[in-house]
Amino acid sequence: MTDIQTNAPAKTGKIMLVGLGPGAVEHMTGRARAAIAEADTIIGYVTYVRLVADLIDGKEVIKKSMTEELDRAIEALDRAKQGKKVALISSGDAGVYGMAGPTFEVLFQAGWTPESDIEVEIVPGASALNTCAALVGAPLTHDFCAISLSDLLTPWPTIARRLDAVAYADFVVALYNPKSGRRTRQIQEAQRIFLRHRDPKTPVAIVKSAFRPKQRLEFTTLEKMAEADIGMLSTVLIGNSNTFIRDGLMVTPRGYANKYDVAEGERSTKGGEQAGRSLSTGLNGWLEAIRDSGKSAAELAVEYRLPEDYIAAALAAGPEAADETEAEAEA
């Protein structure tokens, strides 16, 4: 066997992009705590630094304000060039509205590559949508998405189009950065867009400062959402058409009722359904149904709220030899 020789330089400095989760030490990953212990320098927004105050004694600490993300990344790169190990901290997950993106932008602009002498590690953490969901029940057990209402860097029409699309598509939605001292109307506009497509009684949960001393939970409805106590430390969870609140818990059904009848703890499949197989109204069943309907693409588009050109293409494709050969695992 021939040894493979590389000319990659030895690593001299390191940047660790650390997700703190909600901030409480017991909810941080073991790797996040170890990365902070390993670091020579801690860089972060002042509030995030405060969350890990007990873990950073004796380390160089660089605090930055809320709007200085690029400055934090530049400071991290400068320290890493000096051979230091830097923990650049974010609440939640560094890759979800966190410092991972700005840091890579700065690194690439400086000519960095993964083969260079500065190592970069991303240490994942629980994002706000995970931690807030855990406090209110099980609202994310079906398809969901996250949208930030901050228009500091994103044009409002872009945000509005995304809100309209997910409202129409019946996603459960987590709204990040819903409101601040200066940005007060964005949450009202989000509500206006959602009410175009959703029942006014759609459940909404608002979680402020999850797992922190000033934690606050509030349940409301879509029609009253904008009246609630919402700020920059809040995450707003908007349910889908099946989400419900019962006994102080917000739950989005996974969809088992579409396939199974459950009575007194026993489960049986409904007529026409098979355990471990796609629904009768899944892709193959639906394609067969629209072909047999005799309806035009335009009529089917209205019935299913889907683009006419998509349905026309599906009809034109003809029958597929798409029998499933393996059962799908069900969560």
Any side-chain to backbone donor/acceptor pair from [X] onto [Y]? Under 3.5 Å, distance only.
X	Y	value
Q191	I187	no
Y168	R305	yes
K59	A37	yes
R212	P22	yes
T131	A128	yes
R33	V25	yes
T202	L222	no
D40	K85	yes
Q186	P178	no

Heavy-atom side-chain proximity of [X] to [Y] below 4.5 angstrom:
X	Y	answer
L300	E303	yes
K64	E69	no
R31	E38	yes
T281	W286	no
C132	L135	no
F194	V166	yes

Are [Y] and [X] connected in a single hydrophobic cluster, I mean Ile/Leu/Val/Met/Phe/Trp/Tyr linked by side-chain heavy atoms less than 4.5 Å apart?
X	Y	value
V123	V96	no
Y310	L315	yes
L149	V204	yes
L237	F144	no
V207	M250	yes

How many angstroms lie between atom [atom1] of [X] and atom [atom2] of [Y], to the nearest 0.5 angstrom?
X	Y	atom1	atom2	result
M225	T220	CE	OG1	9.0 Å
I311	I290	CD1	CD1	6.0 Å
Y48	I42	OH	CD1	15.5 Å
L233	T47	CG	OG1	7.5 Å
I230	L175	CD1	CG	8.5 Å
N177	S234	CG	OG	10.5 Å

Any side-chain donor near an acceptor of the partner, [X] and [Y], under 3.5 Å:
X	Y	answer
Y97	S150	no
N240	T243	yes
H197	D164	yes

Does the side chain to side chain contact (heavy atoms under 4.5 Å, CB included) test come out yes or no for R183 and D151, once each step is laid out? CA-CA 9 Å; R183 296 183 301 100; D151 55 6; 3.3 Å; yes
Could you walk me through whether K179 and M232 pass the side chain to side chain contact (heavy atoms under 4.5 Å, CB included) test, one step at a time? CA-CA 5 Å; K179 192 176 182 179; M232 270 299 289; over 6 Å; no
What are the two closest heavy atoms between [X] and [Y], and how far apart are they?
X	Y	value
A80	K14	CB-N, 4.1 Å
I245	F219	CD1-CD2, 3.4 Å
T41	K84	OG1-CD, 3.8 Å
K208	D229	NZ-OD2, 4.2 Å
Y176	A146	CE1-CB, 3.7 Å
P200	L195	CA-CD2, 3.8 Å

Look at the rings of F108 and W112 and say which category their plane angle falls in: under 30° parallel, 30 to 60° tilted, over 60° perpendicular. tilted
I'd like to know if [X] pairs up with [Y] as an ion pair, taking the criterion as any Lys NZ or Arg NE/NH1/NH2 lying under 4.0 Å from an Asp or Glu carboxylate oxygen.
X	Y	result
E75	R79	yes
R192	E189	yes
R198	D170	yes

Taking everything shown except [X] itself, do over 12 heavy atoms lie less than 6.0 Å from its [atom1]?
X	atom1	value
R185	CZ	no
K270	NZ	yes
D292	CG	yes
Q109	CD	no

Derivation of the side chain to side chain contact (heavy atoms under 4.5 Å, CB included) call for I15 and L107: CA-CA 10 Å; I15 298 174; L107 287 168; 4.2 Å; yes
Dump the intermediate steps for side chain to side chain contact (heavy atoms under 4.5 Å, CB included) on T269 and Q274, then the final yes or no. CA-CA 7 Å; T269 55; Q274 299 180 60; over 6 Å; no
